[in-house]
Asker: 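To start, I am sharing the structure in question, which I have written as structure tokens.
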Amino acid sequence: MDFSVKKLASGAGVFFSRAVQFTQENLGQAEKTELDAHFENLLTRADNTKNWTEKILHQTEVLLQPSPSARVEEFLYEKLDRKAPSRVTTAELLGQYMTEAANDFGSSTPYGQTLMKVGETQKHLGTAERDFIHSSAINFLTPLRNFLEGDWKTISKERRILQNRRLDLDACKARLKKAKAAEAKATALPDFQETRPRNYILSASASALWSDEVDKAEHELRVAQTEFDRQAEVTRLLLEAISSTHVNHLRCLHEFAEAQATYFAQSYQYMVDLQKQLGRFPVGNTDPASQPLSTSTPPATLPVLQVASSNPGEATLNPVEVALPVSGTRKARALYDYEAADSTELALSADELITVYSLPGMDPDWLVGERGNKKGKVPVTYLELLS
């Protein structure tokens, strides 16, 4: 019990000493031990890493799961160390509704057939999205979260200890400075024994007492300096390990980008396949009983585009055979002469004006150019796009 009281009293004394030192430093009444420039740079880099990791982690979570309530639910399951229930993606739910509607309207009708095809594609898109979310959560979110909840907490703990060691060191410096000043003042005054009667003479003079106080303060300063240096080295090693964290996050970022690229590639291929399938069904209404009583001209429909394929048996995208789209065209000026390599390309003369536009599935380095009744592919690098 006595030991606990002494320990408590000692801890309270240390806390009070640190509080006084910290307050005096903020008021400019006490000196502060400054860390070297390299150490300060390490601290700044660590703080920036933590702040940006938090922002990237949060925004990635928003990207993968836009619903705040769903994110809160997943967070609670994670904290309770329980597996979150499987959640249907919006694309999968849309596909389910379209399939049910097709069965209700009749899967043999053009509308029902189209609903069925689009619904199946939406389900495939939902599955690809689910795989992307799962891969990103494991390979990207988890390492970022582990850094914030593991390594960063360790760094923060050691930095707090270093701050306390620095306050102890500066407090010892202040006590030593005061003790030396008092010793010098006592040495300059007349001896204590010459100003008092014999029966009041003490065993030691004031100068000797302050000399002992100086020795004690110097010893405490050496101990505090040793503890500060040891803690500074531990903290420095942890801060330098941030470089390894960056390397790890770089690898995770590559995996995230690869997963996202795979997801978009799959989605694009699903939509290309759907476009081919929709070309087999008539867009107009073929049911005479359901024709609306109207004499207005029906709206024009865009032609179904055929995308280039590496398989020789499949149709390829030929810009010469595709009608000019209603919108998305713009003027361009040829920067140099260009000689067409084959019949699908359009030859250019420097400074001539042509109309250009893009088609789905085209190489982004090419555009479809049109001059009069001639059209063909032209390289983007030979053009200056005009507003």
Asker: Quick check: are there more than 12 heavy atoms from other residues, nucleotides or ligands sitting under 6.0 Å from OH of Tyr270?
Answerer: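 Count over threshold, so yes.
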
Asker: Taking only Lys NZ, Arg NE, NH1 and NH2, and the carboxylate oxygens of Asp or Glu, determine whether Lys216 and Asp212 approach each other closer than 4.0 Å.
Answerer: no

Asker: Check Glu345 with Lys377, please: is the shortest side-chain N to carboxylate O separation under 4.0 Å?
Answerer: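 The answer is no: the pair does not qualify as a salt bridge.
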
Asker: Any link between Val62 and Ile56 through a network of hydrophobic side chains (Ile, Leu, Val, Met, Phe, Trp, Tyr) touching at under 4.5 Å?
Answerer: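 Different clusters.
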
Asker: So, taking the atom named CG in Asn139 and the one named NE2 in His134, what distance separates them when rounded to the nearest 0.5 Å?
Answerer: 8.5 Å

Asker: Which heavy atom of Leu148 sits nearest a heavy atom of Trp152, and at what distance?
Answerer: O-CB, 3.7 Å

Asker: Check Ala350 against Asp337 and note the closest heavy-atom contact, atom names and distance.
Answerer: N-OD1, 2.6 Å

Asker: As a test of understanding, state which of Asp47, Thr235, Thr154 forms a side-chain hydrogen bond (donor to acceptor under 3.5 Å, both in side chains) with Arg159.
Answerer: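 Single side-chain hydrogen bond (donor to acceptor under 3.5 Å, both in side chains) partner of Arg159 among Asp47, Thr235, Thr154: Asp47.
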
Asker: Surrounding NE2 of His219 (heavy atoms of other residues, nucleotides or ligands, distance under 6.0 Å), is the total greater than 12?
Answerer: no

Asker: Looking only at heavy atoms, which two atoms of Ala137 and Leu64 are closest? And how far apart?
Answerer: N-CD1, 4.5 Å

Asker: So, Asp363 side chain and Trp366 main chain: donor-acceptor pair closer than 3.5 Å or not?
Answerer: no

Asker: Can you tell me how far apart CG (Leu383) and CZ (Arg333) are? Round to the nearest 0.5 Å.
Answerer: 10.0 Å

Asker: Could you tell me whether the side chain of Asn41 and the main chain of Ala37 form a donor-acceptor pair under 3.5 Å?
Answerer: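 Indeed, once roles are kept as given, a pair shorter than 3.5 Å links the two residues.
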
Asker: List in chain and number order the residues that pass ring-ring contact (aromatic ring centres under 6.0 Å, His included) with Tyr382, two or more places apart in sequence or in another chain; answer none if no residue qualifies.
Answerer: Tyr336, Tyr338

Asker: May I ask you to check whether His249 and Phe140 place their ring centers less than 6.0 Å from one another?
Answerer: no

Asker: Indicate the atoms forming the closest heavy-atom contact of Leu346 with Glu370, along with that distance.
Answerer: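 Closest approach of Leu346 to Glu370: CD2-N, 4.1 Å.
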
Asker: So if you build clusters from Ile, Leu, Val, Met, Phe, Trp, Tyr with side-chain heavy-atom gaps below 4.5 Å, do Leu63 and Leu144 land together?
Answerer: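 Same hydrophobic cluster.
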
Asker: Between the side chains of Arg45 and Asn48, is a donor N or O closer than 3.5 angstrom to an acceptor N or O?
Answerer: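 Note: Arg45 and Asn48 side chains miss the donor-acceptor criterion.
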
Asker: Indicate yes or no: does Lys153 engage Glu149 in a salt bridge with an N to O separation below 4.0 Å.
Answerer: no

Asker: Ignoring hydrogens and geometry beyond distance, is a side-chain donor-acceptor pair present between Glu100 and Gln96 at under 3.5 Å?
Answerer: yes

Asker: Minimum heavy-atom separation for Val378 to Gly369, with atom names?
Answerer: CG2-N, 4.1 Å

Asker: Do Ser135 side-chain atoms and Asp131 backbone N/O form a donor-acceptor pair below 3.5 Å?
Answerer: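 Not a single qualifying donor-acceptor pair exists.
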
Asker: Do the side chains of Glu352 and Arg371 get close enough for a salt bridge, i.e. N-O under 4.0 angstrom?
Answerer: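 Looking at Glu352 and Arg371, the cut-off is met.
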
Asker: Do Gln277 and Asp273 have side-chain atoms, one donor and one acceptor, less than 3.5 Å apart?
Answerer: no

Asker: Should Arg145 and Glu54 count as an ion pair when the cut-off is N to O under 4.0 Å?
Answerer: no

Asker: Quick check: is Ile161 connected to Val223 through a chain of hydrophobic side chains (ILVMFWY, heavy atoms under 4.5 Å apart)?
Answerer: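 No, separate clusters.
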
Asker: Might you point out which heavy atoms bring Ser349 and Ala334 nearest each other, and give the distance in Å?
Answerer: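 Shortest heavy-atom separation between Ser349 and Ala334 comes out as O-CB, 3.2 Å.
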
Asker: With salt bridge (Lys or Arg N to Asp or Glu O under 4.0 Å) as the criterion, how do Lys117 and Glu120 come out once you've worked through the C-alpha distance, each side chain's angles and the decisive distance to 0.1 Å?
Answerer: CA-CA 5 Å; Lys117 293 297 182 182; Glu120 290 298 324; over 6 Å; no

Asker: So, does Thr44 use its side chain to make a donor-acceptor pair with the main chain of Glu40 at under 3.5 Å?
Answerer: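 Judged by distance alone, yes, a pair lies under 3.5 Å.
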
Asker: Going by distance alone, is a donor N or O of one side chain under 3.5 Å from an acceptor N or O of the other, for Glu92 and Gln122?
Answerer: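 No, no side-chain donor-acceptor contact under 3.5 Å.
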
Asker: Ile242, Trp52: one ILVMFWY side-chain cluster at the under-4.5 Å cut-off?
Answerer: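 In one cluster: no.
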
Asker: Just wondering, do Met271 and His124 contact through their side chains at under 4.5 Å, heavy atoms?
Answerer: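 In short, these two side chains do not touch, never coming nearer than 4.5 Å.
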
Asker: Please tell me whether Val380 and Ile354 are part of a single hydrophobic cluster in this structure, the criterion being side-chain heavy atoms less than 4.5 Å apart.
Answerer: yes

